[in-house]
Amino acid sequence: GNSVTQMEGPVTLSEEAFLTINCTYTATGYPSLFWYVQYPGEGLQLLLKATKADDKGSNKGFEATYRKETTSFHLEKGSVQVSDSAVYFCALSADSLTQGGSEKLVFGKGMKLTVNP
Amino acid sequence: ETGVTQSPTHLIKTRGQQVTLRCSSQSGHNTVSWYQQALGQGPQFIFQYYREEENGRGNFPPRFSGLQFPNYSSELNVNALELDDSALYLCASSLVVAEGSYNEQFFGPGTRLTVL
């Protein structure tokens, strides 16, 4: 079945450090891939997405490239800020549901990032 | 434009009880999905409602049920609560205009359910 494996934390970095969060997936077909972020007390927010192989998603200084050959979608940021402290989830969209609608999302376990000043 | 809202924010129940959680979709959205997020885990898909009908279910027993209303708000009902049902319950809404097209899901802040 479809699944996502991501680096688990927690991870603590200093401000301006480089961030990489590894994510690999198993899926039938060609899923879309996502990174979601969950700030304390808030719902999940879409950070970036890629819908086909070699696509690069980017937002707020974060980037991730859809690598079909390695089934990976690693998240990177060159210089983290205190405001990036949150839980990060890698996800893929599974098979379309029976009658249209939105695709089901399959999430990894999440990684908690703390950035210290 | 109002985002996705959920109520209540927190809830404490005892084993065997029943609970109803509510979700108001973002304005104009016609699809709502429910997810369960256990502590330290990623969200798991429970089911989805599209045009007021259940449109797919994850690996959850029938005591998890739902409704979508004509205004596209939604309820998640859980009967015969078990301790393992303690989790954050998230709903996500989206606007589907064409089958097969990508449609972003917008998440609410969740309802934290504790079962004692």
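Just so we're on the same page: letters track the sequence lines, and every chain starts at 1.
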| For the student: nearest non-hydrogen atoms of A/Lys104 and B/Phe45, plus distance | CD-CD2, 3.2 Å
| task | For each of B/Gly108, B/Pro43, B/Ala38, tally heavy-atom pairs with chain A at distances under 4.5 Å, and name the one with the top tally. | result | B/Pro43
| Checking B/Phe47 against chain A: side chain, backbone, both or neither under 4.5 Å from a heavy atom? | neither
| So if you build clusters from Ile, Leu, Val, Met, Phe, Trp, Tyr with side-chain heavy-atom gaps below 4.5 Å, do A/Tyr25 and A/Met7 land together? | yes
| request: Tell me, yes or no, whether the heavy-atom count around A/Lys112 atom NZ, taken from other residues, nucleotides or ligands under 6.0 Å, exceeds 12. | output: no
| note | The reported gap from CG in A/Leu105 to CD in B/Gln44 (rounded to nearest 0.5 angstrom) is 13.0 Å
| task | Flag the pair B/Phe107 / A/Tyr36 as yes when their ring centroid distance falls below 6.0 Å, and as no otherwise. | result | yes
| task | Name the option with the most non-hydrogen atom pairs under 4.5 Å to chain B; the candidates are A/Gln6, A/Lys109, A/Glu8. | result | A/Lys109
| task | Take A/Phe89 and B/Gln37 through the test side-chain contact (heavy atoms from CB on, under 4.5 Å) and record every step on the way to the result. | result | CA-CA 12 Å; A/Phe89 293 93; B/Gln37 186 180 4; 3.2 Å; yes
| task | Would you indicate whether A/Glu16, at its atom CD, is surrounded by more than 12 heavy atoms from other residues, nucleotides or ligands within a distance under 6.0 Å? | result | no
| message | If I measure from the heavy atoms of chain B, does A/Gln38 come under 4.5 Å with its side chain, its backbone, both, or neither? | response | side chain
| Just wondering, are more than 12 heavy atoms of other shown residues or ligands nearer than 6.0 Å to CG in B/Asn59? | no
| said: Quick check: is A/Val80 connected to A/Leu48 through a chain of hydrophobic side chains (ILVMFWY, heavy atoms under 4.5 Å apart)? | reply: yes
| At their closest point, which heavy atom of B/Pro109 faces which heavy atom of A/Gly41, and how far apart are they? | CB-O, 4.4 Å
| B/Leu39 atom CG, over 12 foreign heavy atoms within 6.0 Å | no
| B/Leu90 and A/Tyr88: same hydrophobic cluster, using ILVMFWY side-chain contacts below 4.5 Å? | no
| task | Would you please test A/Leu46 and B/Phe106 for side-chain contact (heavy atoms from CB on, under 4.5 Å) and show each step? | result | CA-CA 8 Å; A/Leu46 178 63; B/Phe106 293 82; over 6 Å; no
